[in-house]
Amino acid sequence: MKWRSHQILTPPSEDEIAEMEPEELMDIHRVYHEAIENAEKDPFRYGFRLPHWGKAEEQLSEVTEIVALGGNRSGKTQWGAFSIVRAAVENPNSEIFCFAQTSEVSIRQQQSAVYDWLPAELKTKQTSAGAYISYTKKNGFTDGSLILPNGSQIIFKTYSQYQNNPTILEGAELGSRSPVWHNVGVWLDEYLLGPELINTLRFRLATRDEVIKEYLDSASTIESRSAELLKGEIVPYIQRSKKRNASIHYFHSQDNPFGGYDRIKEALEGRTREEILIRAYGVPVKSQATKFPKFNT
């Protein structure tokens, strides 16, 4: 009897199998593989959610902003996409903006992740009077947006579009007037600009170092973890911003079983402490984040 390998699910051991009746074993085998197949077909309903996503979502009931800083392949984009989709599905008539660095990055990362998390029945082309969803892997969503049957709209933009035309947000009323789940209105992926866009979005919701610094300055650590790659050094896991009503979450690479942590661990062997902090634990380091750290006007 063959069992598909999986990053989270574990088949019964040989000893456990030896103690089972044939019918019981067949039932477990069926349920095990059905769980994997259902997660692949409809991840929105049956997919596997990572534990640190839940910690971030818990804070959304207490704060208005979440800063997710993560190591390589720690699941930041997947959590962002899932949160956007869940908010759009559960909160009727939501208006949600998703910002990315470039159109290419938006299509390749943000839009593909959002499409993957859509409920199975919404992955087929929809062109009714109240809904419009048309997606291809090459071009993303038609016109950079999609409208769900419940009236929710997800709109994809780039930071350069805002810089060239700040009026693209005029008239926007982000989020939903009657939310059932957390009222998410915007997702800024790999934020590159100064505080202007964030301030504008805060108003519509009724990375540069200075932006992250605003959140991290004098932040209090709520939860810490031991860093395997730094000989057990204690690193922050959840913090609360002092200056903003925001929660800061560090997505560690090892927490994502789908991210290929063993390869990341091997690649970081012998690297500096600063690089390991950034790439494995999402902890910003000033010397790494500054383009010319020793330059002074």
- Does the pair Glu223 and Arg225 meet the rule for a salt bridge (Lys or Arg N to Asp or Glu O under 4.0 Å), with working shown? CA-CA 7 Å; Glu223 185 175 339; Arg225 292 285 176 90; 3.2 Å; yes
- Task: Please write out which residues are connected to Ile238 in a hydrophobic cluster, directly or through intermediates, given that two of Ile, Leu, Val, Met, Phe, Trp, Tyr count as joined at side-chain heavy-atom separations below 4.5 angstrom.
- Result: Ile222, Tyr237
- Leu193 side chain reached by Gln163 side chain, heavy atoms, under 4.5 Å: yes
- Message: According to a hydrophobic-cluster definition based on side-chain heavy atoms being under 4.5 Å apart (Ile, Leu, Val, Met, Phe, Trp, Tyr only), do Ile264 and Leu230 belong together?
- Response: yes
- Message: Other residues, nucleotides and ligands only: do more than 12 of their heavy atoms fall within 6.0 Å of CE on Met20?
- Response: yes
- Message: Are Ser106 and Glu104 packed together at the side-chain level, in the sense that at least one heavy-atom pair is separated by less than 4.5 angstrom?
- Response: no
- Message: Other residues, nucleotides and ligands only: do more than 12 of their heavy atoms fall within 6.0 Å of CD on Glu62?
- Response: yes
- Query: Are the side chain of Asn183 and the backbone N or O of Ser176 linked by a donor-acceptor pair below 3.5 Å?
  - Reply: yes
- Task: Check whether more than 12 heavy atoms from other residues, nucleotides or ligands sit under 6.0 Å from atom CD of Glu40, and answer yes or no.
- Result: yes
- Query: Does any N or O in the side chain of Gln7 come within less than 3.5 Å of the main-chain N or O of Phe258, such that one atom is a donor and the other an acceptor?
  - Reply: no
- Counting heavy atoms not belonging to Glu14, are there more than 12 under 6.0 Å from its CD? no
- Message: Please check this pair: side chain of His33 against backbone of Arg4, looking for a donor-acceptor N/O pair closer than 3.5 Å.
- Response: yes
- Quick check: does any side chain N or O of Asn93 sit under 3.5 Å from a backbone N or O of Gly175, one acting as donor and the other as acceptor? no
- Query: Looking at side-chain heavy atoms only, is the closest gap between Ile28 and Trp3 below 4.5 Å?
  - Reply: yes
- Query: So with a 6.0 Å cut-off around CZ of Arg271, is the heavy-atom count from everything else above 12?
  - Reply: no
- Stepwise salt bridge (Lys or Arg N to Asp or Glu O under 4.0 Å) test for Arg45 and Glu121: CA-CA 11 Å; Arg45 293 186 177 89; Glu121 68 274 13; 2.7 Å; yes
- Message: Can you see whether Glu228 engages Tyr261 through a side-chain donor-acceptor pair at a distance of less than 3.5 angstrom?
- Response: yes
- Side-chain H-bond candidate by donor/acceptor type, Asn165 with Thr167, under 3.5 Å: yes
- Query: Backbone N or O of Arg86 within a donor-acceptor pair of the His182 side chain at under 3.5 Å?
  - Reply: no
- Query: Hey, is OH on Tyr46 packed in by over 12 heavy atoms from elsewhere, all under 6.0 Å?
  - Reply: no
- Item | side-chain hydrogen bond (donor to acceptor under 3.5 Å, both in side chains) pairs, two or more places apart, involving residues 123-137 | Ser134-Thr142
- Message: If you count heavy atoms of other groups shown closer than 6.0 angstrom to CD of Glu34, is the number above 12?
- Response: yes
- Message: I'd like to know if the side chain of Glu90 and the backbone of Ala87 have a donor-acceptor N/O pair within less than 3.5 Å.
- Response: no
- Would you confirm whether Asp42, through its side chain, and Asn38, through its main-chain N or O, come within 3.5 Å as a donor-acceptor pair? no
- Just by modelled atom types, is the Asn91 backbone N or O under 3.5 Å from a matching donor or acceptor in the Ser152 side chain? yes
- Asp217/Lys242 under salt bridge (Lys or Arg N to Asp or Glu O under 4.0 Å): CA gap, chis, key distance, verdict: CA-CA 7 Å; Asp217 191 24; Lys242 181 179 180 181; over 6 Å; no
- What do you reckon, is CD of Glu37 surrounded by more than 12 foreign heavy atoms closer than 6.0 Å? yes
- Message: Testing Ile248, Leu216, Leu188 one by one against Val67 for a side chain to side chain contact (heavy atoms under 4.5 Å, CB included), which residue passes?
- Response: Ile248
- Message: Looking only at side-chain N and O atoms, does Trp117 offer a donor or acceptor that is under 3.5 Å from a partner on Gln78?
- Response: yes
- If you look only at pairs with a residue in residues 65-74, which of them pass as a side-chain hydrogen bond (donor to acceptor under 3.5 Å, both in side chains), with sequence neighbours excluded? Glu65-Arg202, Glu65-Tyr215
- Taking Gln109 for its side chain and Thr77 for its backbone only, find out whether a donor-acceptor pair lies under 3.5 Å. no
- Task: Decide side chain to side chain donor-acceptor pair (under 3.5 Å) for Asp143 and Ser145; before the verdict, give the C-alpha distance in whole Å, the side-chain angles of both, and the deciding distance to 0.1 Å.
- Result: CA-CA 6 Å; Asp143 296 328; Ser145 69; 5.9 Å; no
- Taking a hydrophobic cluster as the set of Ile, Leu, Val, Met, Phe, Trp and Tyr residues connected by side-chain heavy atoms closer than 4.5 Å, whether directly or through intermediates, do Tyr159 and Ile198 fall within one such cluster? yes
- Query: Out of Tyr281, Tyr250, Phe251, which one pairs with His52 under the ring pair (Phe, Tyr, Trp, His ring centres under 6.0 Å) rule?
  - Reply: Phe251
- Task: Please check if the side chain of Ser103 supplies one atom and the backbone of Thr158 the other of a donor-acceptor pair under 3.5 Å.
- Result: no
